[in-house]
There are 2 protein chains.
Amino acid sequence: MSIQKLPGKIPTVRQSRGELQRPPIDKKEPGARRLRVMEAKKEVIHQAALEIFSQYGFYGSSLDQIANLADISKTNLLYYFGSKEELYLSVLKRLLHIWLEPLLNFTADQEPLQAIREYLRIKIQYSRNHPKASRLFCFEVMHGAPLLKDELEGALRELVTQKAVVIRHWIAAGRLAPVDPYHLIFSMWATTQHYADYAVQIQAILGKDLTDDEFLEEATANIQKIILNGIAPR
Amino acid sequence: MSIQKLPGKIPTVRQSRGELQRPPIDKKEPGARRLRVMEAKKEVIHQAALEIFSQYGFYGSSLDQIANLADISKTNLLYYFGSKEELYLSVLKRLLHIWLEPLLNFTADQEPLQAIREYLRIKIQYSRNHPKASRLFCFEVMHGAPLLKDELEGALRELVTQKAVVIRHWIAAGRLAPVDPYHLIFSMWATTQHYADYAVQIQAILGKDLTDDEFLEEATANIQKIILNGIAPR
DNA sequence: GTCTATAATATGATAGAC
DNA sequence: GTCTATCATATTATAGAC
């Protein structure tokens with residue numbers, strides 16, 4: 001099988017829980033410490049799950065892989081998250097707000113070209129800072145988005161519809177060339193997310209990715225140039 | 001489990017192999033007929049495999065699902081393709097040439113804006129006609145392209161490098177605005193493939209996809225407008 | 001070529017001791 | 001909370017009859 005899974009165990013720093021460890025200062029209430037420890041562990045599991053899920057998808061990932069990466073036992077993992085699906089959903093939900101966020105500060109009172117330039121910059125930085133999140137999202141959508149469909153048809157659709165109105169106003173005011181707002185938004189999503197979702201392909205062609213600061217600047221500048229020239233009023 | 005797999009069996013037209021069936025005319029050599037029947041069956045399996053693999057990825061798909069869709073037994077499927085991976089690879093290889101093809105007729109002797117306009121049209125039509133292929137490709141790349149890496153770093157890289165040279169010549173001749181050729185190519189890929197890979201999201205937002213001829217025209221026109229304006233010489 | 005077992009394994013999930 | 005079995009199932013792949 002040349003499609004290999006992850007190496008059995010990656011070297012992780014195991015937090016020693018020796019007796020010397022001091023109880024934290026802000027002990028607000030009984031059990032607060034324990035609660036925080038649990039939350040921290042959940043966070044570690046989340047990280048590991050994102051890593052694995054984003055690479056292999058839901059079906060291709062096993063709880064064993066995730067548990068190994070988080071350096072706990074599978075049973076223990078299932079103590080924190082009752083089932084594989086519960087864990088997956090928990091990870092997905094976390095990503096959603098990150099996903100919707102950049103579109104929020106995209107308001108009518110801004111200078112259109114400046115707003116779009118800034119949006120592209122933020123989106124591509126999101127592709128650099130959260131490439132796994134982007135890929136997991138892509139996986140989910142390609143699966144038919146069984147778990148996100150409600151969100152897509154609800155919150156996302158609503159948000160995009162609003163922003164389309166903003167764009168239309170800009171066009172009506174002659175501050176933007178007449179393009180369909182939806183296709184413009186899709187183009188912006190596509191060009192920026194491409195650098196995360198197809199990172200392996202870009203790496204194969206150019207030997208670079210967005211972790212290279214210079215390449216990040218280059219990509220940002222070029223996308224901005226193409227799209228901003230593309231929709232500047234003439 | 002709300003991530004449901006495919007319904008057990010989709011109604012497929014089962015080719016009756018009754019005695020009335022006439023042997024085909026072009027019986028070139030002994031066994032030719034049998035060979036053709038086998039090839040036809042392989043083709044059916046390919047179709048089914050693409051359908052399933054493109055939706056659930058390699059790990060998420062089972063031979064049972066594929067066999068059901070192809071209306072044969074799993075054992076029989078394994079008679080034609082020795083293993084799951086062999087089948088997967090066979091499907092992937094078929095797609096590769098389709099994937100590289102459009103970039104081929106992109107030559108220096110053409111009028112640049114016309115060539116790019118045409119390329120965008122072809123690529124988005126490819127997204128309409130082969131959405132599953134596009135998604136399977138995306139799956140594979142997101143998995144880290146273990147099976148395609150050689151092709152990506154070889155044939156694809158080579159091809160893209162050549163086309164980048166063509167674009168640079170156009171720019172040097174002042175027939176195109178100065179943009180980085182690679183980022184331009186990535187932008188063209190991204191915007192056109194987005195309509196296949198993220199079809200479910202677009203469907204959630206607009207209720208349309210590329211099978212709608214009007215929407216296809218709309219998408220094509222807008223992408224062309226944005227990118228062609230974006231890189232037109234000024 | 002196609003079928004019926006069946007082997008061999010991976011994996012999600014639970015029970016119960018500590 | 002964490003661990004050691006252990007169950008139950010899904011799934012790839014093979015053996016061998018017809």
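Reminder, nothing fancy here: chain letters follow the sequence lines and each chain counts from 1. What you are looking at is a predicted structure, and each value in this text was computed from that prediction instead of being measured.
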- Message: Taking the minimum atom-to-atom distance to the side chain of B:Asn76, which one of C:dG12, C:dG1, D:dG1 wins?
- Response: C:dG1
- Nearest of C:dG1, D:dT14, C:dT11 to any side-chain atom of A:Lys74? C:dT11
- Query: A:Tyr56 OH to C:dT11 P: how many Å, rounded?
  - Reply: 12 Å
- Task: For the pair A:Glu43 and A:Arg94, find out whether any cationic side-chain nitrogen is under 4.0 Å from an anionic carboxylate oxygen.
- Result: yes
- Determine the interplanar angle of the A:Trp189 and A:Trp99 rings, folded into 0 to 90°, and report it as parallel if under 30°, tilted if 30 to 60°, perpendicular if over 60°. tilted
- Message: Between P on C:dA13 and CD on A:Glu85, what's the gap in Å once rounded to a whole number?
- Response: 9 Å
- Query: Going through the distances and angles, do A:Lys163 and A:Tyr119 end up as a side chain to side chain contact (heavy atoms under 4.5 Å, CB included)?
  - Reply: CA-CA 12 Å; A:Lys163 299 312 175 186; A:Tyr119 180 68; over 6 Å; no
- Query: Looking only at side-chain N and O atoms, does A:Lys41 come under 4.0 Å of OP1 or OP2 in D:dG1?
  - Reply: no
- Query: When the distance from CG of B:Asp71 to C1' of C:dC3 is rounded to whole Å, what number comes out?
  - Reply: 15 Å
- Query: Where the side chain of B:Lys84 is defined as all heavy atoms beyond and including C-beta, which of C:dC3, C:dT14, D:dA13 is the nearest nucleotide?
  - Reply: D:dA13
- Is the phosphate of D:dC3, meaning OP1 or OP2, less than 4.0 Å from a side-chain N or O of A:Ser73? yes
- Tell me whether the OP1 or OP2 atom of D:dG1 has a side-chain N or O from A:Tyr79 closer than 4.0 Å. yes
- Item | Interatomic distance where OH belongs to A:Tyr88 and P belongs to C:dT11 [whole Å] | 17 Å
- To the nearest Å, how far apart are A:Phe81 CZ and C:dG12 C1'? 16 Å
- Quickly work out the B:Leu77 CG to C:dC3 C1' distance and round it to whole Å. 14 Å
- Gap between atoms CD1 and C1', on A:Ile66 and C:dA13 respectively (whole Å): 14 Å
- Task: State which of C:dT2, D:dA13, C:dA13 makes the closest approach to the side chain of B:Leu63.
- Result: D:dA13
- Query: In whole angstrom, what separates A:Asp64's CG from C:dT9's P?
  - Reply: 16 Å
- Would the B:Tyr80 and B:His46 ring centres measure less than 6.0 Å apart? no
- Query: Should the pair B:His143 and A:Phe139 be assigned to parallel (<30°), tilted (30 to 60°) or perpendicular (>60°) ring geometry?
  - Reply: tilted
- Message: Just N and O in the side chain of B:Tyr80: are any of them under 4.0 Å from OP1 or OP2 of C:dT2?
- Response: yes
